[in-house]
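Computed from a predicted structure; not experimentally measured.
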Amino acid sequence: MTFPVVGMVGGGQLARMTHEAGIPLGIRFKLLSDTPQDSAAQVVGDVVVGDYRDLETLRAFARGCDVITFDHEHVPTEHLRALEADGIPVRPGPDALVHAQDKGVMRAKLDAIGVPCPRHRVVSDPEDVAAFAAEGDGFPVVLKTVRGGYDGKGVWVVGSVEEAAEPFKAGVAVLAEEKVDFVRELAANVVRSPHGQAVAYPVVESRQVNGVCDTVIAPAPDLDEDLALRAEEMALNIAKELGVVGHLAVELFQTRDGRILVNELAMRPHNSGHWSMDGAITSQFANHVRAVLDLPLGDPRPRAKWTVMVNVLGGDYPDMYSAYLHCMARDPQLKIHMYGKDVKPGRKVGHVNTYGDDLDDVLERARHAAGYLRGTITE
């Protein structure tokens, strides 16, 4: 029996966990990684070290793969079109993925299909930013590089025309957005297959610290049922209209006046879906593998009333393994997921998942474990 080979571009933790989800199915993975030390390169058997920005490297890598997918959105769009012209299935394809690569393209498309977004416009210089601010409620406004930003990088909140100069120094297009007065951030995660089957996970609350996801609560507590349904339907509609194949994360603002606005899109497994590894019947990673291979999708329903994910960030305490004794003894239900990364301050090196019927208890257990692993909690 011949099992398919999934070509994964990018060697980070998302590739590592997607590979893990394919192992029980006998799915083989081939990895294009920046270095042999990358998170996924440590565990995947077939690793090619190379530059994803080089077309011939991509073409050579794609030979022998049944499908190409990604753990990031940075492969040049024109290279993906070339792979498709060579007859290589690319999922998500370039026509979909460009909406996660280019924020200007994304905003224009969401406007066209009637998806609510913050007020926005591509701006040309600091004076244009000032004009954009004057068209609304004035400063502050949010500026984003159109391509390349993640985890708070490439994003500025500016309070004056003088502060608006910094984003333009990179020489790339800049998108200006209103600074939304929001109650909290939500995320709607969906998965769609090539023939159009789609599933939606419960809408989650995502809490950020310094622009980086810190905690995810599934499902989002105290979220109006109608609003949750609207968010799921919105995400499913975006996936359909953009032709997404695989996992789509739709990051949302819940505003004080009861609306939901789309903040960002990600067309790959996403931090807001890590809870599903232990908290859902079928994880985001398993369903992404199924989708790119056009297999029937799995049940996304939660296994427990509450699941909480907390990211483990690097601190001044590099020996995280020695903390396992305390964490596992204190909470036998705790699930620890480490990425094989060197510990550096502020770097995502893993996450923990907890679940149960009492949200306060589940939150406390997850925060304690993540803090103890990092070294900020010592007892």
Side-chain angles (χ1 to χ4, degrees), residues 9-14 34 38 51-53 70-80 92 94 96-111 117-130 132-133 136 139-180 182 185-187 206-214 242 248-253 261-272 311 313-314 341 344-348:
V9 179
Q13 65 261 26
L14 300 179
D34 290 340
D38 283 353
D51 187 351
Y52 63 83
R53 295 165 295 187
F70 316 92
D71 91 334
H72 61 72
E73 293 103 343
H74 305 314
V75 180
T77 312
E78 62 272 18
H79 291 2
L80 301 181
L97 193 61
V98 68
H99 298 93
Q101 295 175 321
D102 189 307
K103 294 179 176 64
V105 172
M106 179 262 289
R107 287 295 185 217
K109 180 65 174 181
L110 295 183
D111 285 347
C117 298
R119 187 177 68 88
H120 59 272
R121 178 160 63 80
V122 174
V123 288
S124 55
D125 53 38
E127 289 69 30
D128 200 12
V129 175
F132 172 83
F139 286 105
V141 299
V142 178
L143 299 181
K144 301 177 179 179
T145 52
V146 166
R147 284 181 175 254
Y150 66 97
D151 278 352
K153 298 177 177 66
V155 179
W156 296 262
V157 179
V158 300
S160 67
V161 66
E162 291 78 18
E163 292 179 9
E166 181 66 26
F168 294 94
K169 293 179 180 178
V172 298
V174 174
L175 179 73
E177 295 181 350
E178 67 171 309
K179 189 173 185 298
V180 176
F182 61 90
E185 294 186 57
L186 305 172
S206 177
R207 298 178 181 177
Q208 319 296 313
V209 176
N210 298 324
V212 178
C213 178
D214 178 81
L242 273 55
L248 171 69
V250 181
E251 298 180 67
L252 302 161
F253 293 125
L261 304 175
V262 172
N263 180 23
E264 302 278 1
L265 301 180
M267 292 182 197
R268 49 171 170 75
H270 191 257
N271 206 166
S272 65
N311 278 320
L313 302 183
K341 291 181 171 183
K344 298 179 181 178
R347 185 187 200 187
K348 289 181 190 174

*Give, for atom CG of L265 and atom NZ of K103, the distance between the pair rounded to the nearest 0.5 Å.*
10.0 Å

*Can you name the nearest heavy-atom pair linking P140 to K179, along with the distance?*
CG-CD, 3.6 Å

_Minimum heavy-atom distance between V105 and D102, given as atom pair plus value_ = N-OD1, 3.0 Å

*Distance from Q101 atom CD to M106 atom CE, nearest 0.5 Å?*
12.0 Å

*So do L97 and T77 actually touch side chain to side chain, heavy atoms under 4.5 Å?*
no

_Which heavy atom of L143 sits nearest to which heavy atom of P167, and what is that distance?_
CD1-CG, 3.7 Å

*Any sub-3.5 Å donor-acceptor pair from N311's side-chain atoms to L313's backbone N or O?*
no

*Name all residues meeting the salt bridge (charged side-chain N to carboxylate O under 4.0 Å, His left out) criterion together with D51; count only those two or more places apart in sequence or in a different chain, and write none if there are none.*
R53

*Answer whether the closest heavy-atom distance between the side chains of V262 and L252 falls below 4.5 Å.*
yes

_Closest heavy-atom pair and its distance - A176, V123_ = CB-CG1, 3.7 Å

*D214 CG to R207 CZ distance, which is reported to the nearest 0.5 Å*: 9.0 Å

*asked:* According to side chain to side chain contact (heavy atoms under 4.5 Å, CB included), who are the partners of K109, at least two apart in sequence or on a separate chain?
replied: H99, I113, L242

*asked:* I'd like to know if the side chain of K341 and the backbone of K348 have a donor-acceptor N/O pair within less than 3.5 Å.
replied: yes

_Any donor-acceptor N/O pair, Q208 side chain to C213 backbone, under 3.5 Å_ = yes

*Between atom CD of E185 and atom CG of L261, what is the distance when rounded to the nearest 0.5 Å?*
11.5 Å

*Does E264 reach the main-chain N or O of E251 with its side chain, forming a donor-acceptor pair under 3.5 Å?*
no

*Nearest non-hydrogen partners of F139 and V158, listed with the distance*: CD2-O, 3.5 Å

*Check ion pair E177-R107 (N to O, under 4.0 angstrom)*: yes

*Give a yes or no answer on whether the side chain of E73 reaches the backbone of M267 with a donor-acceptor pair at less than 3.5 Å.*
yes

*Tell me the salt bridge (charged side-chain N to carboxylate O under 4.0 Å, His left out) pairs involving residues 158-171, sequence neighbours left out?*
E166-K169

*Do W156 and V174 come within less than 4.5 Å of each other through their side chains, counting heavy atoms only?*
no

*Should V129 and R121 be marked as a side chain to side chain contact (heavy atoms under 4.5 Å, CB included) after you check the CA-CA gap, both sets of side-chain angles, and the distance that decides it?*
CA-CA 9 Å; V129 175; R121 178 160 63 80; over 6 Å; no

*Give, for atom OH of Y52 and atom CG of D34, the distance between the pair rounded to the nearest 0.5 Å.*
6.5 Å

*Of all the heavy-atom pairs spanning P126 and F168, show the shortest one and how long it is.*
N-CE1, 3.8 Å

